[in-house]
2 protein chains.
Amino acid sequence: MTRLRADNPQGARQALAERFRAWSGSEFDLSRCPVRGVLDRLGDKWTTLIVIALSQRPHRFSEVCRAVPDISKRMLTQTLRDLERDGLIARRVFPTKPPTVEYRLTELGESLLEPLVTLIAWAEGSQTRIAAARSAFDAASAAA
Amino acid sequence: MTRLRADNPQGARQALAERFRAWSGSEFDLSRCPVRGVLDRLGDKWTTLIVIALSQRPHRFSEVCRAVPDISKRMLTQTLRDLERDGLIARRVFPTKPPTVEYRLTELGESLLEPLVTLIAWAEGSQTRIAAARSAFDAASAAA
DNA sequence: CAGAATCCAATAGGATACTG
DNA sequence: CAGTATCCTATTGGATTCTG
């Protein structure tokens, strides 16, 4: 099995082709697609912002809460737990009073930063064209 | 403003730092964060699978429907429209009878393949460790 | 074939109040 | 401080039916 490589523009399509054929084989099971799980997590409302915050340095619970605008404690707790469960962040409790809890990226979590930056770079570089496409599409829809 | 670069492992954190500071500036508005919109779209249930399917060649509506397992026509229509609105795919109608509609990636859509492959490569490379982390976490939770 | 329209169930997620 | 618990609403998305 060829290792996926993204350092070659032309290779992207073919890398995907191979992956796609593997996934599309008989008895395709979505739950066995590793990308699915990752993208589902990254796509949720808060994961990315939390990972970015923690990429700078470890944060305490309330620090993350302040760093990520508008997140509720409920969702923060839940997202942190999911990330911890996936091994992307580590939770450390200091037996102080009142309690101190620190969250930091694990090595695995750090390894996500690179693909994340790649995606962010694409998003930033494409946002103008996306916005233009939206305007054009909406204008065409309205005209119809 | 520094251009984001992901070709340097150590640079990822600093690239994020700069981006994060920019976003966290006064009057941070989530809707103005370009990554948010992109990740929201990529994170939804079907976008990635559709983009991957179309990366191989143009597809007709029903071809996509067969290529992407278990998607309903409703969600297929909706996701295709969203992608078209964002300028990632192009929709072309042939006035045959019955109608033929072809979807293909635009140049902008093709440019997404590379960051996508980067992410997929990470997901595939990390899935074992993620699964292990989950097992460990769940075992620890059950023990408590 | 390529959808649009409608209905309905499940989930996500915010607000608030409480706890060790 | 660092959560947990409860309630409640909005969005997601599947199933089904209808149409040009």
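Excluded from the calculations below are hydrogen atoms, water molecules and symmetry mates; all remaining heavy atoms, backbone and side chain alike, are included. This structure is a prediction, so every number in the text was calculated from the model and none was measured. Lettering of chains follows the sequences in order, A, B, ..., and the numbering in each one begins at 1.
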Calculate, to the nearest 0.5 Å, the distance between atoms CG and CG belonging to B:Leu76 and B:Leu80 respectively.
-> 4.5 Å
Over-ring placement of B:Arg129 relative to B:Trp122, 6.0 Å and 45° cut-offs = no
Starting from the first five and the last five pairs of the helix from C:dC1-D:dG20 to C:dG20-D:dC1, work out the angle between the resulting helix axes, to 10 degrees.
-> 40°
Residue pairs passing the salt bridge (charged side-chain N to carboxylate O under 4.0 Å, His left out) test where at least one lies in residues 88-102 of chain B, sequence neighbours excluded = B:Glu102-B:Arg104
Out of curiosity, A:Thr118 OG1 to B:Leu116 CG, how far, rounded to the nearest 0.5 Å?
-> 11.5 Å
Within this structure, what is the NZ-to-C1' distance between A:Lys97 and D:dA2, rounded to whole angstrom?
-> 15 Å
By side-chain contact (heavy atoms from CB on, under 4.5 Å), which residues pair with B:Glu63, not counting sequence neighbours?
-> B:Arg57, B:His59, B:Arg60, B:Arg66
Residues passing the side-chain contact (heavy atoms from CB on, under 4.5 Å) test with B:Ser141, sequence neighbours excluded, are B:Phe137
Atom NE2 of A:His59 and atom P of D:dA2 are separated, to the nearest Å, by 12 Å
B:Arg74 charged N/C atom sitting above B:Trp46 aromatic ring, 6.0 Å / 45° | no
Using a cut-off of 4.0 Å between protein heavy atoms and nucleotide atoms, how would you tag nucleotides 2-16 of chain C 5' to 3' with B, S and -?
-> BBS-B------BBB-
Qualifying residues under side-chain hydrogen bond (donor to acceptor under 3.5 Å, both in side chains), relative to A:Asp138, sequence neighbours excluded | B:Arg85
